[in-house]
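Some notes on the structure that comes next.
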Amino acid sequence: MAASRWRLAVRCDDLVDLGIGQPDDSLLPRELLGELAAAALAKSTSSRLQYAPEEGAESLREALADFLTLHYGRLVKADELVMTSGASHALDLVLAWYTRPGDAVAVEAPTYFLGLHVLRQRGVRLVPVPVDEHGIDADRLEEVLQRHHPRLLYLIPTFQNPTGMTLTSERRARVAALSAEYGCIVVADEVYQLTASPDRVPETMRAHAGGNVMSLGSFSKILAPGIRLGWIECAASCVQTLRKDGVLRSGGGVSPMTGIIIESALRNGVQEQLLSAFRAAYDRRRRHALDSLDRLLPVEISYRRPAGGYYVWLQLPSSLDMRAVHAEAARHGVGFRPGPLFSIDGSFEDCLRLCFAYYDEDRLAVGIGRLTDILRSRLSA
Ligand SMILES: Cc1ncc(COP(=O)(O)O)c(C=O)c1O
């Protein structure tokens, strides 16, 4: 009892914000990247510092294609890759070229909140499709395809943000087939695909391609968000469309210099080594967070165990007011992302997202301890 009172009295400048969805500084390989950058630039030619082709330097795309072929367990072709400034830019680029304002776009409910900002910025009409423990509900998707004829489906199939759920292989095949049948482009945001070893994740959505699946990937979760490099894997004909983009043309692709460094990391085993380190850290943190939640979370609060990724999604009983919990949590030094943030219509009032990837085990224990204390005391009030 005394310990729990003490935890509730912690000051806010000691905040553990379980809302933050990114790798923490201790995981970011600053020194290694410094050495790698110096060596890669020393070996490179000055012409590599010129404007690059719109879709990215061929040697970079070849190195990435080899890396993805190894990790995805299927052939990825360099001429089916466009380098982007991360997955966020990739989404915007696809929207710019494949949608018009007013077009219907189907999204998971709930979905990645900043993805919603990108979508809204392009003026598309968002249509929600529910997600359950196996990922997007394919029957409901079919209804939406029939009724709204969405131009595009924005989907996070692996370790979904925010629910942490992964679309089963069977549903992946159905989603791809349905989308092809109704002429809907699938934009699979697969930024968490590489955060777990291949034996723990289903195949990427493009394993089911017709030409209508575009896969977005990023170095943000496996190297560093500040690298600002990602990619779109899509049909070669789509690469030819996307490379007409005015910004890519005028700017000579995205960040050719970063591309030199990343190409070297892909070729000399550094990215491979970092991938193992990231996976091990994410896994330790996830197991620790789930063990703590199992022990400390009141039985009235339910959640599904994610098999990887960054997030766990909690559902509160109707007797708890999530907004009041959020305000109290902030006063007592713990943060989370409220459910409505991830919805297009303010729903998920009774849900919240925790991220377990940002803090080490000790800080996770502090944050989860504070939050579960608050939930327990409110439930018993
Ligand atoms: C589903 C999803 N897509 C995209 C991003 C952003 O990726 P990037 O840094 O490559 O723009 C995130 C980051 O949290 C994410 O969760």
Side-chain angles (χ1 to χ4, degrees), residues 17-25 27-28 56 64 68 81-96 105-122 126 129 131 135-136 152-167 186-196 201 204-205 214-233 247-248 254-255 258-259 262 265 271 274-275 278 282 285-286 306 308-313 335-337 339 341-344 353-359:
D17 188 356
L18 298 172
I20 301 174
Q22 62 196 56
D24 74 305
D25 292 358
L27 297 177
L28 305 181
L64 179 60
L68 295 178
L81 292 172
V82 178
M83 302 311 300
T84 64
S85 179
S88 313
H89 172 222
L91 174 60
D92 190 56
L93 191 61
V94 170
L95 290 169
V105 168
V107 294
E108 288 161 296
T111 190
Y112 171 48
F113 69 109
L114 294 173
L116 286 176
H117 284 283
V118 179
L119 287 152
R120 286 192 175 115
Q121 225 163 257
R122 287 286 172 190
L126 299 174
V129 185
V131 172
I136 194 168
L152 195 144
L153 162 66
Y154 173 62
L155 183 70
I156 308 165
T158 303
F159 310 139
Q160 201 241 8
N161 184 355
T163 62
M165 295 298 101
T166 292
L167 190 63
V186 179
V187 178
D189 183 339
E190 301 188 296
V191 294
Y192 298 103
Q193 181 76 17
L194 294 168
T195 61
V201 288
T204 59
M205 280 301 293
M214 299 192 189
S215 166
L216 316 185
S218 174
F219 289 98
S220 289
K221 315 292 178 188
I222 57 165
L223 212 169
I227 289 285
R228 301 314 307 142
L229 213 58
W231 63 89
I232 303 170
E233 186 199 355
V247 175
L248 291 182
V254 294
S255 198
T258 309
I262 297 302
Q271 178 60 76
L274 290 170
L275 193 61
F278 274 106
Y282 292 152
R285 293 173 181 192
R286 178 179 55 89
Y310 277 33
Y311 309 108
V312 57
W313 184 242
F336 59 80
R337 293 281 182 269
L341 204 60
F342 302 91
S343 94
I344 61 173
R353 186 196 79 176
L354 302 181
C355 172
F356 45 75
Y358 185 70
Y359 289 105

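Atoms within each ligand, like the ligands themselves, are counted from 1 in listed order.
Ligand-side atoms of ligand 1 in range of G21: 14 (O), range being under 4.0 angstrom from any heavy atom. Atoms of ligand 1 lying under 4.0 Å from at least one heavy atom of V191, given by number and element, are 1 (C), 2 (C), 3 (N), 15 (C). Residue-ligand proximity, I156 to ligand 1, at heavy-atom distances under 4.0 Å covers atoms 1 (C). Contact atoms of ligand 1 toward G86: 10 (O), 11 (O) (distance under 4.0 Å to a heavy atom of the residue). Annotation for ligand 1: atoms under 4.0 Å from non-hydrogen atoms of S218 are 8 (P), 10 (O).
Note on ring orientation: taking the six-membered ring where Trp is involved, the planes of Y282 and F278 are tilted (angle from 30° to 60°).
Residue-level proximity to ligand 1 for Y192 is carried by the side chain, the only part with a heavy atom below 4.0 angstrom. At a 4.0 Å heavy-atom cut-off, ligand 1 touches K221 through the side chain alone. At a 4.0 Å heavy-atom cut-off, ligand 1 touches A87 through backbone and side chain alike. The proximity of R228 to ligand 1, defined as any non-hydrogen pair under 4.0 Å, is limited to the side chain.
Nearest non-hydrogen protein atom to atom 11 (O) of ligand 1 is S88 OG, 2.5 Å. Scanning the protein heavy atoms around atom 9 (O) of ligand 1, the nearest turns out to be S220 OG, 2.6 Å. Of the protein's heavy atoms, D189 OD2, 3.4 Å lies nearest to atom 1 (C) of ligand 1.
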Stepwise, does the side-chain contact (heavy atoms from CB on, under 4.5 Å) test hold for Y112 with V107?
CA-CA 9 Å; Y112 171 48; V107 294; over 6 Å; no

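Side-chain atoms of R285 come within 3.5 Å of backbone N or O of A357 as a donor-acceptor pair.
Here the closest heavy-atom approach between residue A87 and residue L216 is recorded as O-CD1, 3.9 Å.
Side chains of D189 and Y154: a donor-acceptor N/O pair is present below 3.5 angstrom, by distance only.
Considering CD1 of I222 and CG of L27, their distance stands at 13.5 Å, rounded to 0.5 Å. Atom-to-atom distance recorded for Q160:CD and L167:CG is 9.5 Å, nearest 0.5 angstrom.
Between Y310 and F159, the gap from one ring centroid to the other reaches at least 6.0 Å.
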